[in-house]
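Step one of this worksheet: look at the structure below.
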Amino acid sequence: MGVVLYRAFGVSLSRLRNGVLYGLGVGMVVLVAFAIPVSMAVIAPAAAGLVSEDPSMAAPRPEPAVAITDSAISHAIWGVTAGTVATALTRRLGANYRCHRCDIEFSKRPTYAEHVSRMHGSGAPLLRRILVLGGGYAGIGVLRRLQREFEDSVDTSITIVSEDNFFLSTPLLAEMATGHVEPRHISTPIRTFCRRARYYHASVESIDLDGRSVMIRRTVDGKAVEMRYDHLVLALGGQTNYYGNSSVEEHALTIRTLEDALALRNRIITMLEGADQEDGAAEQESMATFVVVGGGFSGVETAGAIHDFVTESAERYYRNIEPSAVRVVLVSAGPILPEIGELGPYAERAMGRRGVEIIKGAKLVEASPHAATLDNGKIIPCMTIVWAGGVRASPVVAALDAEHGAGGRVSVNECLQVAGRPEVHALGDCAHLVNARTGRPYPPTAQNAIRQAAVAAHNVASAVRGRGSQRRFDYASAGSMAMIGRRDGVAVLFGLRLRGVLAWLLWRNYYLSRLPSAEKRLRVAIDWLVDLYVPSDVTRLGNILDRRRRP
Ligand SMILES: Cc1cc2nc3c(=O)[nH]c(=O)nc-3n(C[C@H](O)[C@H](O)[C@H](O)COP(=O)(O)OP(=O)(O)OC[C@H]3O[C@@H](n4cnc5c(N)ncnc54)[C@H](O)[C@@H]3O)c2cc1C
């Protein structure tokens, strides 16, 4: 029906509003054309006949107006439900016009027809090309808004390039590494976001700001392709910053990507398996010791998640491991969770009570397969070190011919434009912007990337349309929160300080709501529900995932 309506009248049922109106309309037509006539012409006389034959079957009959109102309400409910289902089916099956040559779709027939005639007819097409680099919180946020903005525009092309063909909900990585959620449930294919945009699965090799072109390398065959743009959105995120320490780079695991999280999970399980077979106390302790470096969100959340997973698994499955041999050590050069202010010390105490050892004011200076050496001279025998100590911009961004801030992030003004390049906007972890309220750079967080995406999309659209009005990014965080262990968290929201189960629930709800589709939200919610009742799973996935050197 969606396709017929679309083709005949150009009405797209993929919009919920249209679906509901369509359902209501159909419900009312059925009421007027079928339900009322049938009730009056067939059912009422038949009922009267039955009553005249057997008076005991007489029942009080409602007033006609009341009966019609009742019937109208039930038809309206039925219609809205059917309309919503029609919208869902239309979205899934597609009633929109797709140009297979460009791999994009339009929601209106005339727009599609105009696109075909202008792009694939005779004469050179006139296009304004928007190129989005990166498919994380920043890139996808901008993409979704730009698609809505240019849904009916035939002279604007939108392209997105990302080396991962999925959007990753990074705050849930620690939960994934310790088996609370499944990898596919926190990753969403970029193609599911692309209606008006074209996606390239490729890595960005270099960017020529003067020539307005980007060199990409296709993932499938390594072929280099040049892409030209009129407007560029830089959202390439960050990479782990080892601050030049090659021993850490070589021997520590990290937690930034899906692969990292899978490799970490494998390593933890391998160590537990090994420790269970080891009878020497020192060797067992070394295998069962996990050192996490970094007192920010990712370090704290990872240490908390590893601790719960390891202690629970050791108790249940690895009975040869001495409970005292299991250690999780969190090393931080500064205070714990400085982003969360006064609740940092609470997080520290709570983690300490759970059994996480915390070493503050110390830096990791050397990592080896068998130990972590700190700058205070302490040597921790361990076979697993997780480095969550810093972020820097991707090398492509660091190499840009532009001004840079700390960690090679490209400097932008408050409208998120690169200095002297009004056609280039940068945001998220790869952009350096000083917060005028605090005088410090905005931290590399998902919250900032999400907010910046709204501003960047508006500004790019405005530039494309030649309007010139640019919105400023000025964001005062409503708060922040962190999960520090099973059913324990800390949060500061609008000045309100929360901790324990409430903060943990808030954390889970917030990140559940930030998942990009209802399907992923449902899957993660089910994972969490099941996780409440079943013990941890210590399945170790194939060796192929263990990218890092074996200890
Ligand atoms: C473990 C962990 C926990 C975190 N927890 C929190 C939290 O609790 N709260 C919070 O606010 N923030 C948290 N963060 C930070 C948050 O995830 C980032 O700030 C956010 O992801 C930044 O979004 P982005 O789009 O700028 O970059 P990213 O999400 O990193 O996306 C970058 C995109 O660019 C692509 N890309 C990179 N290089 C190339 C290339 N050369 N070619 C093509 N594509 C490329 C990548 O594939 C990716 O799609 C956490 C981060 C981690 C790692």
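When a ligand or atom number is given, it counts from 1 through the structure's own listing order. Hydrogens, waters and symmetry mates are skipped; everything else that's a heavy atom, side chains included, is used.
- Listed by atom number, the atoms of ligand 1 under 4.0 Å from Q447 heavy atoms are 11 (O).
- Only backbone heavy atoms of A235 (N, CA, C or O) come within less than 4.0 Å of ligand 1; its side chain stays farther off.
- For ligand 1, one of its N or O atoms has an N or O atom of Y137 under 3.5 Å away.
- Salt bridge status for E273 with R540: absent, with no side-chain N to carboxylate O gap under 4.0 Å.
- For W507, no nitrogen or oxygen atom sits less than 3.5 Å from a nitrogen or oxygen atom of ligand 1, counting backbone and side chain alike.
- Partner D308 forms a side-chain hydrogen bond (donor to acceptor under 3.5 Å, both in side chains) with one of R487, R486, R354 and no other, that one being R354.
- The existence of a salt bridge linking D429 and R256 is confirmed by a sub-4.0 Å separation between a basic side-chain nitrogen and an acidic carboxylate oxygen.
- In terms of polar-atom proximity, P444 is counted as a contact of ligand 1, with an N or O under 3.5 Å from an N or O of the ligand.
- Contacts between E301 and ligand 1 below 4.0 angstrom, taking non-hydrogen atoms only, involve the side chain exclusively.
- Heavy atoms of S480 found under 4.0 angstrom from ligand 1: none, in either backbone or side chain.
- Under a 4.0 Å criterion applied to the non-hydrogen atoms of A449, ligand 1 contributes the atoms 23 (O).
- Residue S203 has no N or O atom closer than 3.5 Å to an N or O atom of ligand 1.
- Checked against a 3.5 angstrom limit, the closest N/O atoms of S394 and ligand 1 fall outside it.
- Between D429, L172, D260, it is D429 that holds the heavy atom closest to atom 22 (C) of ligand 1.
- For atom 53 (C) of ligand 1, the candidate residues are I255, T254, N448; the nearest heavy-atom contact is made by I255.
- Residue A138 has at least one N or O atom closer than 3.5 Å to an N or O atom of ligand 1.
- Any N or O atom pair closer than 3.5 Å counts here, and F166 shares no such pair with ligand 1.
- Using the six-membered ring where Trp is involved, W528 and W507 have ring planes that are tilted, between 30° and 60° apart.
- Looking at F167 against ligand 1, nothing comes within 4.0 Å, counting heavy atoms.
- Set against the non-hydrogen atoms of G428, the atoms of ligand 1 under 4.0 Å away are 26 (O).
- In terms of modelled atom types and a separation under 3.5 Å, the side chain of H432 and the main chain of G407 share no donor-acceptor contact.
- Nearest protein heavy-atom contact of atom 8 (O) of ligand 1 is Y511 OH, 3.3 Å.
- At a 3.5 angstrom cut-off on N or O pairs, S162 counts as close to ligand 1.
- Note on ligand 1: A202 sits in its first shell, one or more heavy atoms being nearer than 4.0 Å.
- An N or O contact shorter than 3.5 Å links G135 to ligand 1 by distance.
- The N/O atoms of V204, backbone and side chain alike, include one that comes under 3.5 Å of an N/O atom in ligand 1.
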